[in-house]
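To start, the structure under review is shown below, and the notes come after it.
Chain identifiers are assigned alphabetically (A, B, ...) following the order of the sequence lines, protein sequences preceding nucleic acid strands; residue numbering begins at 1 within each chain. What you are looking at is a predicted structure, and each value in this text was computed from that prediction instead of being measured.
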Amino acid sequence: MIVAEQKPLSEIKYLISPYKQILVLGCGTCMTVCGAGGEREVSFLSQALQLEQSMNSVSWQGFQEYTVKRQCSNEFLDVISDIVTTIDCILSVGCGAGVQTLARRFPDMPVLPGVNTSLLGMEQQPGIWDECCVACGECRLGDTAGICAYTRCAKGILNGPCAGNKNGKCEVNHDIDCAWVMIYKRLDRLGQLDKMRHYYSMRNFKVTPRQIGLIQKPDLAGESDG
Amino acid sequence: MAKSAFEEKLHSDKFLVTSEIGPPKGVDVSEMIHHIEILKDRVDAINVTDHQSSMMHFPSLGGCLLIKEHGGEPVLQMTGRDRNRLALQADLLLAYSRGIVNVLCLTGDSINSGDHKDAKPVFDLDSVQMLHMIRMLESGKDAGGNQLKGTPCFCSGASVHPEADFLEPQLIKFEKKVAAGAQFFQTQGVFNVTKLREFSEYASQFNVKVLAGIIVLASARMARYMNNNVPGIILPEEIIDEMETAEKGRGLTKGIEIAVRSIKLIKEEKLAHGIHIMAVGNEGVVPDILDQAGSGGVNQ
Ligand code: SF4
């Protein structure tokens, strides 16, 4: 899941300072689950900003609140098109994908981020998320016992542990388990230690912004044949 | 034909001695040159560290060029922390063109342990991949598969941690490095003889030379600090206790005594093909250690 944290109020105040009518827009999926930008957080945030408004002289005059089902899907943004005609800016507490979908969907409307999108995480305990995936597009979890070396090793090493782990902890942070010790233990447990012996070649870092489509592309070769 | 004097010695039965120098933070290289002068006729090769402990320094390649200028035999330490595959290859081409062919491939310490904690960590290649990249260059192609104009060749090595508390994954990686063409290994600092004995027995099945890492401790405080903070260093309590017994201001003498004892034992029991002395700022004592241990020197 995508995990984010709300930005400090001071930064949010600075971002919205030029505007009068503001829509605080939440997202019903990841941001709701991680508690950074769901309906509840939208309400807390606009209350906090209204309190500021009542205590200090600020430019903003009014807040509207809304939480769409998913900010990163165009189809779920239609519901706010009427509201958008009545405001000066959107303060989105959706993830980075949400903010950018809004910016593309409403070309004349400033869209500001109310959260810092932090990581793709798995829940360690309620409210605490461990980064576990960087969406690299080249998944090798089948070889590493379901533990991502690229994300969870502080150096993204693909071919086995560095010399820095001590008592199973990472040299970078002694509170964090060394990814390669975890991989080793789990491969051992699964009887798959031979997988650690494979050589993992240099990665393809795919620096161009990627695009993937779930809809099957038409078979052009087939078409021309026909 | 051997690519370097060091490689030639790797093929011999000689007990090998290497040491290392750390380049300065800044452009005053006088102390480094002094260390080169002290070491060059006493050891078979001198490693130059690559931004040691992730702290920005004069480059390893620059240090190797100075060693060459002063008639010594350099080992270029190369980490993947700060350079991607283009920059690493370019540095290797330059190194080769200047007669620097001994290369130690390391993944590198984390950025967090250094003095530029906010920098972007590169880690494009790990140590095993770096060794493979060297093999590609030696085949006349770059890592992208493009033809080179003029083909370099290197004598490449890597590191290994015989005292790691999870040893098996380290050994699996060691074997990957051997398969990737590492000819020599310089180990992390060794302090635990039992573990070194076990490792030595295991490593003897491979056709590579292992140089046991000898760290010269300078005080009990430093020992404790290194144990807690320096990646890859595991000091047994007995060693720290022994350092504690040193009189005030005599820590280095005690450290030298421990280093000499280890070297003698390694030679006597043939626990390694040589030693790699890391004096961590006290390079001046290396000849003294070698004298006391009755060891080393390019002519011995
Ligand atoms: S200690 Fe483990 S997790 Fe940390 S950088 Fe080294 S191999 Fe990666």
- Message: So for T107(B), is it side chain, backbone, both, or neither that comes closer than 4.5 Å to the heavy atoms of chain A?
- Response: side chain
- Any salt bridge between E138(B) and R135(B), counting N to O under 4.0 Å? yes
Output a table of donor-acceptor pairs, distance under 3.5 Å, between side-chain atoms of residues 169-182 of chain B and any protein atom two or more places apart or on a different chain; print 'none' if there are none.
unit_1  : atom_1 : unit_2  : atom_2 : d
Q170(B) : NE2    : C162(A) : O      : 2.8
K173(B) : NZ     : G160(A) : O      : 3.1
K173(B) : NZ     : P161(A) : O      : 3.1
E175(B) : OE1    : R197(A) : NH1    : 3.1
E175(B) : OE2    : Y202(B) : OH     : 2.7
K176(B) : NZ     : N159(A) : O      : 3.4
K176(B) : NZ     : N159(A) : OD1    : 3.0
K176(B) : NZ     : M196(A) : O      : 3.1
K176(B) : NZ     : H198(A) : O      : 2.5
K177(B) : NZ     : S159(B) : O      : 2.9

- Item | Part of R81(B) within contact of chain A (heavy atom distance under 4.5 Å) | neither
- Note on the structure: Here the pair of heavy atoms bringing P162(B) nearest to Q188(B) is CD-N, 4.4 Å
- Task: Ignoring hydrogens and angles, tell me if any N or O in the side chain of T79(B) forms a donor-acceptor pair with the backbone of L106(B) under 3.5 Å.
- Result: no
- Message: I'd like to know if D91(B) and R83(B) make a salt bridge, using a cut-off of under 4.0 Å between side-chain N and carboxylate O.
- Response: yes
- Query: Using a cut-off of under 4.5 Å for heavy-atom pairs, which of R85(B), Q129(B), H161(B) has the most such pairs with chain A?
  - Reply: Q129(B)
- Query: Are any side-chain N or O atoms of T151(A) and backbone N or O atoms of C148(A), one a donor and one an acceptor, separated by less than 3.5 Å?
  - Reply: no
- Scored by heavy-atom pairs under 4.5 Å with chain B, the best of A163(A), G168(A), S201(A), G164(A) is A163(A)
- Per-residue tally against chain A (heavy atom, under 4.5 Å) across P121(B), S113(B), S110(B), S127(B) peaks at S110(B)
- Without hydrogens or angle criteria, can the side chains of E5(A) and N116(A) be said to hold a donor-acceptor pair below 3.5 Å? no
- Message: To check you understand the geometry: which heavy-atom pair defines the closest contact between K7(A) and I12(A), and what is its length?
- Response: O-CD1, 3.7 Å
- Member of V93(A), T117(A), I2(A) meeting the side chain to side chain contact (heavy atoms under 4.5 Å, CB included) criterion with M31(A): I2(A)
Do any side-chain atoms of residues 227-237 of chain B form donor-acceptor pairs under 3.5 angstrom with protein atoms, and if so which ones, sequence neighbours left out?
unit_1  : atom_1 : unit_2  : atom_2 : d
N227(B) : OD1    : L235(B) : N      : 2.9
N228(B) : ND2    : R224(B) : O      : 3.4
N229(B) : ND2    : Y225(B) : O      : 3.1

- Against chain B, residues from residues 128-147 of chain A with at least one heavy atom under 4.5 Å, in numeric order, are none
- Sorted by number, residues from residues 172-190 of chain A in contact with chain B (heavy atoms, under 4.5 Å): V172(A), H174(A), V181(A), Y184(A), K185(A)
- Task: Apply salt bridge (Lys or Arg N to Asp or Glu O under 4.0 Å) to K166(A) and E171(A), showing your working.
- Result: CA-CA 7 Å; K166(A) 211 181 255 184; E171(A) 72 170 50; over 6 Å; no
- Query: Can you find a side-chain donor-acceptor pair between S92(A) and Q71(A) that sits under 3.5 Å?
  - Reply: yes
- Note on the structure: Okay, F205(A) and chain B: the region with an atom under 4.5 Å from a heavy atom over there is side chain
- Item | Short side-chain to backbone donor-acceptor contact, S204(B) and E201(B), under 3.5 Å | yes
- Message: What part of M130(B) gets within 4.5 angstrom of chain A, counting heavy atoms only: side chain, backbone, both, or neither?
- Response: neither
